[in-house]
Amino acid sequence: MANEFEFSLVTPERMVLEGRAIYAQIPAHDGQLGVAADRAAMLVKMGIGKLRLEIDGSPDKGCLYVLDGGFAQMHGNKLTLISERAIDVAELSSETARDALSKAEALPQANSEQLAKRDHDMAMARAMMAAVGATGAVA
């Protein structure tokens, strides 16, 4: 189909997902970025957040993942997403997301390294909560 592009989602451990999509919403480091077929070439740093892939033009037929940073490249109608971690939202629950936030809040904050890990883990937990529509997320 002319309005589709190829995509692949990769983590250091494995190829998570690959196929064809008509739209992708990427968590760029500075906000959400939309990608469609025939887009100009790009390379962007990703932040922590939701990746939404629209497979056949229907918002109901797609994929939703929580990504842990990385890079996205669009070149020649192929989108390549490389992330440290990719969590399929279909495998998450509100309880899992809340547990992740509780664990992150309990991390020590004695030095800058520990504080950075706590902030990172809290951002991931909040992204998971937002993705599953959990209530009570800390802003």
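Residues take their numbers from the sequence shown, with the count starting at 1.
Here CD of E6 is found 8.0 Å from CG of N77. Values are rounded to the nearest 0.5 Å. Between the CD atom in E18 and the CG atom in L9 there is a gap of 10.0 Å [rounded to 0.5 Å]. Taken from CZ in R52 to OH in Y23, the straight-line distance is 6.0 Å, to the nearest 0.5 Å. Rounding to the nearest 0.5 angstrom, the gap separating the CD atom in Q25 from the CG atom in L33 is 9.0 Å. The CG atom of D88 sits 10.5 Å away from the CG atom of L51 when rounded to the nearest 0.5 Å. Once rounded to the nearest 0.5 Å, the distance linking CE of M124 with CE of M129 reads 13.5 Å.
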- Message: Run F7 and T80 through side chain to side chain contact (heavy atoms under 4.5 Å, CB included) and show every step you take.
- Response: CA-CA 6 Å; F7 72 87; T80 303; over 6 Å; no
- Task: Evaluate the criterion side chain to side chain contact (heavy atoms under 4.5 Å, CB included) for residue pair E13 and R85; output intermediate values, then yes/no.
- Result: CA-CA 9 Å; E13 290 82 31; R85 198 165 56 155; over 6 Å; no
- side chain to side chain contact (heavy atoms under 4.5 Å, CB included) evaluation trace for D121 with K103: CA-CA 8 Å; D121 289 0; K103 287 178 184 175; over 6 Å; no
- Which is it for M46 and L81 under the side chain to side chain contact (heavy atoms under 4.5 Å, CB included) test, yes or no, and what are the steps along the way? CA-CA 9 Å; M46 293 190 298; L81 303 150; 3.8 Å; yes
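Between I26 and Q32, the shortest heavy-atom contact is O-OE1, 2.8 Å. Minimum heavy-atom separation, A127 to I48: CB-CG2, 3.9 Å. In terms of heavy-atom proximity, V16 sits nearest to Y65 at CG1-CE2, 3.7 Å. Looking at every heavy atom in both residues, E4 comes nearest to I55 through OE2-O, 4.2 Å. Among all heavy-atom pairs drawn from P12 and S83, the shortest one is CD-O, 3.3 Å. The shortest non-hydrogen separation linking A37 to N3 is CB-O, 3.3 Å.
Counted within 6.0 Å of NZ on K78, heavy atoms from surrounding residues, nucleotides or ligands total more than 12; the atom is thus considered enclosed.
Of the possible donor and acceptor atoms, one in the side chain of H29 sits under 3.5 Å from a partner among the backbone N and O of K45. The backbone N or O of L92 sits nowhere less than 3.5 Å from a side-chain atom of T96 that would complete a donor-acceptor pair.
In this structure, L107 and K117 have side chains that are in contact, with non-hydrogen atoms separated by less than 4.5 Å. You'll find the side chain of K50 stays beyond 4.5 Å of the side chain of P27, heavy atoms only.
Judged as a side chain to side chain contact (heavy atoms under 4.5 Å, CB included), and not counting sequence neighbours, the contacts of D99 are E95.
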Which donor-acceptor pairs under 3.5 Å do the side chains of residues 68-75 make with protein atoms, sequence neighbours left out?
residue : atom : partner : partner atom : Å
D68     : OD1  : H120    : NE2          : 2.7
D68     : OD2  : H120    : NE2          : 3.2

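Residue V10 shares its hydrophobic cluster (ILVMFWY side chains chained together at separations under 4.5 Å) with M15.
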